[in-house]
Amino acid sequence: MYLHGTSTINEQGHLEIGGCDTVELKEQYGTPLYIMDEQLIRQRCRDYMDAFRATGMEFQVAYASKAFCTMAMCRIVEEEGLSLDVVSEGELHTALQAGFPSARIHFHGNNKTPDELEMALDAEIGCFVVDNFIEMQMLDAIAAEKGLKPGILLRVTPGVEAHTHEFISTGQEDSKFGFDIGNGTAEEAVKLAHKLAHVELLGLHSHIGSQIFEVDGFQVAAQRVADFARQLQQEIGVIFKVINLGGGFGIRYTEEDSPLDTAEYVHAIADAVKQQFAGLEGQLPQIWIEPGRSIVGDAGTTLYTIGTSKDIPNVRKYVAIDGGMTDNPRPALYDAVYEAVLANRADDEATELVSVAGKCCESGDMLIWDIELAEPIAGDLLAVSCTGAYNYSMASNYNRIRRPAVVLVHDGESDLIVERESFEDITRNDVVPARLRSSVSVQR
Ligand SMILES: *Cc1c(COP(=O)(O)O)cnc(C)c1O
C-alpha cells in the first residue's frame, strides 16, 4: 500500500494514521472502521484555496458533500473557508445542523422537490444550481410567495464529457442534467432567468465528469462556457458574475493513477476563463469549483478484520473480511480497484496472491481481486486505502449489516465522528402491524 498523508508504519510494524496505531483503533472502536486523516483533508482544502489565491481571481471552492457528508466534515470544511454543495434535503439538514453558514451552501440536483426548494429558501442558502425549466419556474413561484429572490446558477452542458485520460467532445449531449448549449436550450434558459422577477441569475455551471487526470477537458469546458457567457453578455446585456466548473479532479487509488497537482487544474481553468474575457476588463467572472473526491478520497482508510478463507487449488484463494459492498460498493458498482496492507503486520513482505471477499450474500461482493498480501490469517487487520470518498456516503444496510463507525484521527488523537450503527438502529423504522403481533413477541 502506498503510504500517504500522515500514514506511516511504526516500530511494532503497525500501520499508523494521524499518529494513531490502527491496531489500537481496532481495539477501541472495532471493525469495520472508517479512519479519516484530518490533516490530509485540511491540506487538500488548502491546496485548492492557495492555488486560487495565486490566480488573483475571485473564487469559491465548494466541497461536494455527497463524497462524504457528516456534521464533523462540514465543520472542517467550514473552518477551511470552503463553501458546500448539497444535493438533497438530507445533506442540507446535515450542513445546517453542523452550523454551516447557509450563505455558503449551494443546492444541486436534477429533481429538487418543492419541499426541498422551500427548505433551502427558508434557510436562505447562497444559491441554487438550477437544472431545468420546471425547477426554474417552481423556484420563482415559491420565492415570490416568500418574498425572496434567491441567487441561481444555470447548469449547462457544454458538450464535453471527461473521464480519466480522455474527454469526448459531443455536439449535443445526451444527459439527464442541465441545459444544452449546442441546441440553444441554454440560451433560452438564460433569457427566461433574466426575465423572472424572483430569481437572480448569478452565472453558469458545468460539471463534466469524475476522476479526471488531464486538464484539457476542463479547458475546453471552461472555454465553451465562458464563450457562451461572453456572447450572451454582449447580446442581451446579462452580466454573469460566476462561472462554476464543477468537480471531478482525479485522485490516486492505485499506482496506475497519476493525478495532477491541484494547482495545474486550477491554473488551466483560470487561464481559459481569463482568455475568453480578454478585452472585457471589469467583467471577469468569479470562478467556482466543486471538488468532492479529491478533498476526502485519499484521507480515508477502511480497517477490517480478516475471518475465513477458501483456497481453491489452482484457481484462487479467497480471504473474507467483516465488511464489503455494504461499506464500499464501488468495486461492485464500478469495478473500482483498491490497494491494501495487513495493518498489524505492515512490514511483512506481501508474498501471497489472494482475493478479498466481502461477507454479503452476493458473488459480486468482492472488495479486491488479486492482491498480494503477507499470508493473511484470521484475526489479521486489513487496511484498504483511499476509501474516504463515496464509501461511507454510499454505504447500505444490505443483509442488515450495521454501518461502520467513522473516526477522525489527528496528532495521535482519535475522535468518533459517526457511531457504529446499533441493533436498535437496524429495526428503528420497522413497524409490525397489530394483526401480525399476536404470534410474535415484539421487542422494541
Ligand atoms: C459529483 C459532483 C461533484 C464532485 O465530483 P468529484 O468527482 O467528487 O470531485 C461536483 N459537482 C457536481 C455537480 C457533481 O455532481
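On a predicted model such as this, the values are computed, not experimentally measured, just so you know. In each ligand, atom 1 is the first atom listed, and ligand 1 is the first ligand listed.
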Check whether any N or O atom of Ser210, backbone or side chain, sits under 3.5 Å from an N or O atom of ligand 1, and answer yes or no. yes
Geometry only, no angles: is Arg155 polar-contacting ligand 1 at N/O separations under 3.5 Å? no
Salt bridge Arg224-Asp227, side-chain N to carboxylate O under 4.0 Å: no
Considering both backbone and side-chain atoms of Gly292, is one of its nitrogen or oxygen atoms within less than 3.5 Å of a nitrogen or oxygen in ligand 1? yes
If we only count N/O pairs under 3.5 Å, is Lys66 in contact with ligand 1? yes
Could you measure the distance from the CD1 atom of Ile306 to the CG atom of Leu373? Nearest 0.5 Å is fine. 6.5 Å
Of all the heavy atoms in Ala67, does at least one lie under 4.0 Å from an atom in ligand 1? no
For ligand 1, which atoms sit closer than 4.0 Å to a heavy atom of His108? 13 (C)
Looking at Glu78 and Arg75, is there a salt bridge between them, counting it only when a charged N and a carboxylate O are closer than 4.0 Å? yes
So is Arg293 polar-close to ligand 1, meaning N/O to N/O under 3.5 Å? yes
Applying salt bridge (Lys or Arg N to Asp or Glu O under 4.0 Å), which residue pairs with at least one partner in residues 245-260 are found, sequence neighbours left out? Arg252-Glu339
Between Gln60 and Gln286, does a side-chain hydrogen bond (donor to acceptor under 3.5 Å, both in side chains) hold up when you go through it step by step? CA-CA 8 Å; Gln60 276 191 40; Gln286 299 180 17; 4.6 Å; no
Would you mind running through ligand 1 and noting each atom that sits below 4.0 Å from a heavy atom of Tyr390? 1 (C), 4 (C), 5 (O), 6 (P), 8 (O)
Can you pull the side-chain hydrogen bond (donor to acceptor under 3.5 Å, both in side chains) pairs that have at least one residue in residues 403-420, sequence neighbours excluded? Tyr29-Ser414, Asn397-Arg403, Arg403-Glu421
Partner of Glu91 under side-chain contact (heavy atoms from CB on, under 4.5 Å), picked from Ser65, Cys74, Ser393, is Ser65
Atom indices of ligand 1, in the order listed, that fall short of 4.0 Å to a heavy atom of Gly247: 9 (O), 10 (C), 11 (N)
Nearest-neighbour protein heavy atom for atom 10 (C) of ligand 1, which is reported as residue plus atom name and distance: Glu290 O, 3.2 Å
Between the side chains of Lys176 and Asp131, is the shortest nitrogen-to-carboxylate-oxygen separation below 4.0 Å, so that they form an ion pair? no
Quick one: look up the protein heavy atom nearest atom 3 (C) of ligand 1 and list residue, atom name and how far away it is. His207 CE1, 3.4 Å
